[in-house]
Number of protein chains: 2
Amino acid sequence: MSRKNIETRTRILNAAWKLLEADEGSGVRMSDIAKTARISRQAVYLHFPNRTELLIATTRYLDEVKNVDARLAASRNAATGLERLEAFVEAWGNYIPEVYGVAKALLVMKDTDEAAKLAWADRMAAVRAGCKAAVDALKNDGLLTTEHSVKEATDILWSLLSVQTWEQLTRECGWSQRRYVNAMKKLSNKMLVARPAAQ
Amino acid sequence: MSRKNIETRTRILNAAWKLLEADEGSGVRMSDIAKTARISRQAVYLHFPNRTELLIATTRYLDEVKNVDARLAASRNAATGLERLEAFVEAWGNYIPEVYGVAKALLVMKDTDEAAKLAWADRMAAVRAGCKAAVDALKNDGLLTTEHSVKEATDILWSLLSVQTWEQLTRECGWSQRRYVNAMKKLSNKMLVARPAAQ
DNA sequence: ATGTCAATTGACGCGGTGTCAAGTAATTTG
DNA sequence: CAAATTACTTGACACCGCGTCAATTGACAT
């Protein structure tokens, strides 16, 4: 409610953000966050009911600060389906590393916590909507491969652009961000665009 | 060592297997495994030093029983690069659901436990070797796309065939196993095979 | 029958989450 | 100015799951 209250709340969110980004989602405890926010551990619970909800709030906060929706929506302005696909791949692909730490924390929680699972599904639904819009635009231009339905093509693009795939390629395989984005552009084209228009 | 000892050990492994398969890796506790193996919780530690090692042993046990290596190696017999790629995709793609529950447990541990991370990396290295062999075979036939190096093509195939991607498509998107394998065959072809020879 | 080995039982420590009660310090409000 | 409200602190504690330990039992082998 009050000014001070909301200020402390955002201090907690910033602390969680910072720590999750540094540790890439692994072992961040409530006490760590409290300490970073210069607050007692118990006081965190005055602002968030539990760890999961704090993580969820942190991702929402991040999305808000980073203005995801606007950045993803920018691809709408593309003139053609091909351009739209490419713009979306670029926008989302470059967004991932900016939120990876926090996203990873939620991704880990997702496997054991129902609320985290829902929150993750919700955010990913937004990404999926972007994927579908790109596929629709392709189809509209008559450039969608005939081998897959719109739903299937959307699923494929969504999987290609999953955080896990990003993680595997950049972390496990050592790809640079640049290389990742370039490859995703090429691959999404190859996978979804009807043959004559490939490239 | 003794007969009884080894028998109990495999009873524990089977219990872990069964439970992980049922719960798909989420909330299986040491006490659950002990109970299923009709043994006291503490007795489990007479056979495995800790939870992580038990999980690792379970995956090894599973791989042994299911004879992964042989099944994956079968694709070596393919005459052409294209056939080899397809055979590998089919072999690995159909193996995933058989071990998913156990693999998922390890996948979750991987984020917080160093030993689990190494064990997972080790198993995935085997898969990667299969991917590389398929890519090499393609290259040998002059059918590897010129847009990617062997290393990059291997990374791409490896990511396409990751357990996480399988999980996303079959669990999140509701794909059947059949559909998954078919799509992976098509997609791996489109992504890696030089244009004129596509399908 | 004696010794060895597998397993049992009960207890305990540890780390992390979440809760509760009592108290304090600052700010607001009558 | 006094009283009430609000944000926060401190210390204690319960719960859960992992891992450990010590003392005991029961089986089997030589």
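In the text below, chain A, chain B and the rest are named by the order of the sequence lines, each starting its count at 1. What you see is a predicted model, and the numbers here were worked out from it, not measured in a lab.
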Between D/dT20 (P) and B/N50 (CG): distance, integer Å: 8 Å
A/K35 NZ: over 12 foreign heavy atoms closer than 6.0 Å: no
Gap between atoms CZ and C1', on A/R51 and C/dG15 respectively (whole Å): 13 Å
Interatomic distance where CE belongs to A/M30 and C1' belongs to C/dG18 [whole Å]: 9 Å
B/H47 side chain near C/dA6 phosphate (N/O to OP1/OP2, under 4.0 Å): no
B/Q42 CD to C/dG10 C1', straight-line distance once rounded to whole Å: 8 Å
Sugar-phosphate only, base, or nothing, as touched by A/L46 at under 4.0 Å among non-hydrogen atoms: base
Test: A/E98 and A/R71 ion pair at under 4.0 Å: yes
Value in whole Å for how far the C1' atom of C/dT17 lies from CD of A/E53: 15 Å
Could I get a table of every N or O pair under 3.5 Å where one atom is in the protein and the other is in nucleotides 25-27 of chain C?
none

N-O pairing of A/D23 and A/R29 below 4.0 Å: no
Candidate nucleotides C/dA7, D/dT9, C/dT19, ranked by approach to the side chain of A/A43 - the nearest: D/dT9
Within 45° cone of B/W120 ring axis and under 6.0 Å: B/R123 NZ or CZ: no
Presence of salt bridge, A/D111 and A/K117, under 4.0 angstrom: no
Check: B/R41 side chain, C/dG10 base, donor-acceptor under 3.5 Å: no
Within one Ile-Leu-Val-Met-Phe-Trp-Tyr cluster: B/Y61 and B/V102, side-chain cutoff 4.5 Å: yes
Residue A/I39, side-chain atoms from C-beta onward, closest of C/dA7, D/dT9, C/dT17: D/dT9
Residue B/Y45, side-chain heavy atoms: nucleotide from D/dC8, C/dT17, D/dC18 that is nearest: D/dC18
